[in-house]
2 protein chains.
Amino acid sequence: MSRATYHHGALRQALIDGAREILAERGHDQFSLNEVARRAGVSTAAPYRHFESKDDLLAAVADQGYATLHQTLDRTAASTDDVRERLLRLGGAYVRFAHDHPDLFVTMFRGRPSPSPVGVDSFNILLRSVFDAQAADLISTHPSPELMARSIWAALHGLAVLSLRQPHQRFGMDEPPEDLAAHTLSALLGL
Amino acid sequence: MSRATYHHGALRQALIDGAREILAERGHDQFSLNEVARRAGVSTAAPYRHFESKDDLLAAVADQGYATLHQTLDRTAASTDDVRERLLRLGGAYVRFAHDHPDLFVTMFRGRPSPSPVGVDSFNILLRSVFDAQAADLISTHPSPELMARSIWAALHGLAVLSLRQPHQRFGMDEPPEDLAAHTLSALLGL
DNA sequence: ACCTGAACACCGTTCAAGT
DNA sequence: ACCTGAACACCGTTCAAGT
């Protein structure tokens, strides 16, 4: 409410937060840069001091998503020493992230691909865990760790995307994220 | 070019075709109903005789996508009697469909979920093939066919979505669709 | 340096009016 | 029955002007 009293880029974060609010409330199709400005109490031209365009603001939202996801996966990987359990928890964390932060998740995989390396960091957490699982002979060692990690990522990503859409109760997609991931990983990998 | 000479719903299909053109050329974010009308040579109000809204037109595009996908999968499933080969071809066909018709694929999984039962039909083709593969002891019989088909669908869908985004060369996602699907299915299922 | 006010071209949608 | 013309509120973006 403190109109026009932003300082040191506080408006920048306020715009990102407002964008996330609107995305969570109404989704991407109803998202409007003008409304973000209105909600922050500034003119419709003000955001252009901090972002080049609407897409640029959305890219900043996506970047926060990549950072949050990486944090979550990092903590999850450290939460257990059991190799099998770690893989299952990583899968659950990925699908849960999508369900808990659909505004971030959808934004990350919608607009222009992020040049930020943090998506790669997240992949590497999975990659290490896959490597360990192969070393422990829990999963097939015939495909390279990279191919195996890529395949598991695809399965988790597809699961997240599909289960986020409403009426897939027909396919039993209404389970909790952790169960979805666990069932899928054990079906595909025999875990 | 035959301005205002549409008859028996020919405009309806012309609008759908125009929408697909624009979606393929410029993507969803640049898509405009007014431009669809302009391209068809009618006023901006004309589409409202055939569709309730912009979203309704996009839903019609999605429906054509579900129909085309189902056709493709149906033919693919009939193209071989080898159970293993059929599963691999179905996977390849799914990812190839996404790459050949990104306008349709993205539209199908974007707007409001389609109430059309043809997505279920496509799933059932996969389900039958999974059932056969389990009966032939090619893949694990421990998970139910439904759960196994759901998991494979998730993997293929994730693969399609992720490989459609540009700069994932880092993860080796620049292979042809058939190879992507085959590598993933054999990594996950040991096929 | 950061924001406002006003403007531009464009959008989705509505509705009276034309044939 | 199907389309036009004109209008409405809204959008993304630009830019001169204010402090």
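In what follows, chains are A, B, ... by sequence order, proteins preceding strands, each numbered from 1.
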Taking D:dT4, D:dT13, D:dC3 as options, the one with an atom nearest any side-chain atom of B:Leu11 is D:dC3
Between CG of B:Asp56 and P of C:dT13 the distance, given in whole Å, is 10 Å
>> Any salt bridge linking A:Lys54 with A:Glu35? Criterion: basic side-chain nitrogen under 4.0 Å from a carboxylate oxygen.
In response: no
Among the nucleotides C:dC3, D:dG12, D:dT4, whichever has the atom closest to the side chain of A:Ala46 is C:dC3
When rounded to whole Å, the CG to P distance for the pair B:Leu15 and C:dT13 reads 14 Å
Whole-Å distance, B:Leu33 CG to D:dC3 P, equals 14 Å
Comparing B:Arg49 with B:Lys54, nearest DNA chain C nucleotide closer to 5' gives the residue B:Lys54
When rounded to whole Å, the CD1 to C1' distance for the pair A:Ile22 and D:dC11 reads 13 Å
Atom OH of A:Tyr48 and atom C1' of C:dC3 are separated, to the nearest Å, by 15 Å
If one requires at least 3 consecutive Watson-Crick or G-U pairs with distances under 3.5 Å, the stems of DNA chain D turn out to be C:4-8 with D:12-16, C:12-16 with D:4-8
Self-check item: A:His70 ring center within less than 6.0 Å of A:Tyr66 ring center
Solution: no
Side-chain contact check for B:Arg38: nearest option of D:dT14, C:dC11, C:dC15 is C:dC11
Per atom distances to the B:Val42 side chain, the nearest of D:dT4, D:dT13, C:dT14 is D:dT4
When every non-hydrogen atom of B:Thr76 is compared with those of B:Ala93, the smallest separation belongs to OG1-CB, 3.6 Å
Atom NE2 of A:His50 and atom P of C:dA1 are separated, to the nearest Å, by 13 Å
Practice task
Using a heavy-atom cut-off of under 4.0 Å over every strand shown, decide if A:Arg12 touches base, sugar-phosphate, or nothing.
Solution key: nothing
- Item | NZ/NE/NH1/NH2 to OD/OE distance under 4.0 Å, A:Asp29 and A:Arg110 | yes
With A:Leu189 as partner, the option from A:Leu88, A:Leu138, A:Ile139 fulfilling side-chain contact (heavy atoms from CB on, under 4.5 Å) is A:Ile139
Taking C:dT4, D:dT13, D:dT4 as options, the one with an atom nearest any side-chain atom of B:Ala45 is D:dT4
Could you check whether B:Ser53 gets within reach of a base, just the sugar-phosphate, or nothing at all, counting any heavy atom under 4.0 Å? sugar-phosphate
From CZ of A:Arg39 across to P of D:dC11 the rounded distance in Å is 12 Å
Rounded to whole Å, CG of A:Asp29 lies from C1' of C:dT13 at a distance of 16 Å
**Prompt:** Base, sugar-phosphate alone, or nothing: which one does B:Ser32 contact when heavy atoms must sit under 4.0 Å apart?
**Reply:** sugar-phosphate
Of A:Arg96, A:Arg89, A:His183, the one forming a side chain to side chain donor-acceptor pair (under 3.5 Å) with A:Glu178 is A:Arg96
- Pairing of A:Glu175 and B:Arg150 as salt bridge, 4.0 angstrom limit: yes
Exercise for the section: Would you indicate, yes or no, if D:dC10 has its OP1 or OP2 atom less than 4.0 angstrom from a side-chain nitrogen or oxygen of A:Asn34? Expected result: no
Result for 5'-nearest mapping on DNA chain D, choosing between A:Glu52 and B:Ser43, is B:Ser43
Would you tell me whether A:Thr68 and A:His101 have side-chain atoms, one donor and one acceptor, within less than 3.5 Å of each other? no
